[in-house]
Number of protein chains: 2
Amino acid sequence: MAIRVLIADDHSVVREGLRRFLGRDPELTVVGEASDGAEAVELARQLHPDVVLMDLLMPVMDGIAATAAIRKELLETEVVALTSVLESTAVIGAVRAGAIGYLLKDIQASELRRAIKAAAAGQVQLTPQASAYLMREVRTPEAIEALTEREREVLRLLVQGHSNKEIGRDLQIAEDTVKTHVKHIMAKLGVQSRTQAVLYAMRFGLVSTQQGKQPK
Amino acid sequence: MAIRVLIADDHSVVREGLRRFLGRDPELTVVGEASDGAEAVELARQLHPDVVLMDLLMPVMDGIAATAAIRKELLETEVVALTSVLESTAVIGAVRAGAIGYLLKDIQASELRRAIKAAAAGQVQLTPQASAYLMREVRTPEAIEALTEREREVLRLLVQGHSNKEIGRDLQIAEDTVKTHVKHIMAKLGVQSRTQAVLYAMRFGLVSTQQGKQPK
DNA sequence: CAGCACATCGCCCAGGCGGGTGAACGGGGC
DNA sequence: GCCCCGTTCACCCGCCTGGGCGATGTGCTG
């Protein structure tokens, strides 16, 4: 019994390419093609495909909205986002909408076929970078809580743009100790520089996003 | 030697009140009164007062223009804006024109006397809110506009937590060039580290406050 | 009590960063 | 034409940062 695939992409060239990619595999059958999100939802409703290959950037209804609509109605249908853009917001949006996979269009044909079969079986299929985004999103709040009280305190001062030396003075501890705290903070947040740690703190509001002092 | 004060206000009531306020202090002498800006300039030219208490809203010539004229001619004469309105444009205009102080008319008599003496000694006298306006409205936009297009571009990448090397790769220029831009940015913003530059950019929204990429 | 987490401090080292200076090039204004 | 500005690049120097490793004391917990 072949896996029934619905293709949703606004570029006919891409649809054609995908059909050729998948057509060679007897285990896969392309049962329909949609050129926008709304059409994808409509066709999915009629055809009950096993897997929908969903482009994210489409007219009328974007792929994420379409994914959410399909997943809400058709519990057996898995959606795999297949796009050319790799952005954290897109990845997270697609996953929240219920996509089981997030793949890039530069994928190899054989790899794509394998991924579709895996997705049909309910296995998650993510481009490595996509999983990194996901992990970050998930890990973020935990990363906050992983910080000790003292580390949060140091982070608060980092967010005010202070140097290690200044922080040491503020907290009445040695600069070396501050460095230790900063190292731990960066390790826990998974960042590579104090600036990134500050951005991290501000984005996720780990630290009271007070105005802080003007940089002197 | 008493401090010689010139009062410039178009309301006789205010002039009278000020004269009474100041008359009690032996260290202060009201040497003249003007009822509009032009008259204030004329009297200042004749009397060479130490301090001019300048209302901003006056007929014929407003207080800001009068302040500019006086400061241009009489280097020894300090001008203190004394007004009932607190607006950023008025504060900035007065300061640009050369006022050393910006006070509100609801000030206490004793406080006003103290402020006049301080102004005569060259000390800045600003209502707290006035200095806030100065910071926000004057310093910030000028700092922003002082940046060149390329520097703003670099700052945008700084805000994303990139290192100099990464920025160089992104912009296809040498790391040394990036360093030059970063130096200029920090100098113009008046900050001491890249982190502070980033905070500056975020606070004042110099840069599109996009989410930026996750630090890899 | 032994173990663990936390905070503290130290040292080493490499690489990044910040400051100074200089120089070349092109474009625009005087 | 000349000069200023923006952009590019380079070199030097010294401090700061980030990573690794170790050590001590304290307080909580099993």
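The basis for the numbers below is simple: all heavy atoms, side chains too, and nothing from hydrogens, waters or symmetry mates. Residue numbers begin at 1 in each chain, while the letters A, B, ... track the order of the sequences.
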| said: Return the CD to CD1 distance between A:Gln160 and A:Ile167, rounded to the nearest 0.5 Å. | reply: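 Nearest 0.5 Å value for the CD-CD1 distance: 9.0 Å.
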| message | Given D:dG18, D:dA10, D:dC12, identify the nucleotide with an atom nearest to the side chain of B:Ala174. | response |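 Nucleotide nearest to B:Ala174's side chain: D:dA10.
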Kindly say if [X] contacts the phosphate of [N], meaning a side-chain N or O under 4.0 Å from OP1 or OP2.
X        : N      : value
A:Asn164 : D:dC16 : no
B:Arg150 : D:dT7  : no
B:Thr177 : D:dC9  : yes
B:His181 : D:dT7  : no

Donor-acceptor pair (no angle test) under 3.5 Å: [X] side chain, [N] base:
X        : N      : result
A:Thr180 : C:dC9  : yes
B:Lys165 : C:dG16 : no
B:Lys183 : C:dG19 : yes

| Starting at the 5' end of DNA chain D, which residue's closest nucleotide do you reach first, B:Glu151 or B:Lys179? |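 So the residue in question is B:Glu151.
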Could you state the [atom1]-[atom2] distance from [X] to [N], rounded to the nearest angstrom?
X        : N      : atom1 : atom2 : answer
B:Lys188 : C:dG18 : NZ    : P     : 17 Å
A:Ile173 : C:dT8  : CD1   : P     : 5 Å
B:Glu175 : C:dG18 : CD    : P     : 12 Å
A:Glu153 : C:dA7  : CD    : P     : 9 Å

| Inter- and intrachain pairs under side-chain hydrogen bond (donor to acceptor under 3.5 Å, both in side chains), touching residues 172-183 of chain B, at least two apart |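 Non-adjacent pairs meeting side-chain hydrogen bond (donor to acceptor under 3.5 Å, both in side chains): zero.
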| message | Students often get this wrong, so: under 4.0 angstrom with heavy atoms, is A:Ser163 touching a base, only sugar-phosphate, or nothing? | response |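 Sugar-phosphate only.
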| Is a donor on one side and an acceptor on the other found under 3.5 Å between the side chain of A:Arg194 and the backbone of A:His162? |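 Side chain of A:Arg194 to backbone of A:His162, a donor-acceptor pair under 3.5 Å: yes, one is there.
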| message | Between A:Lys105 and A:Asp9 (salt bridge meaning N to carboxylate O under 4.0 Å), is one present in this structure? | response |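 A salt bridge links A:Lys105 with A:Asp9.
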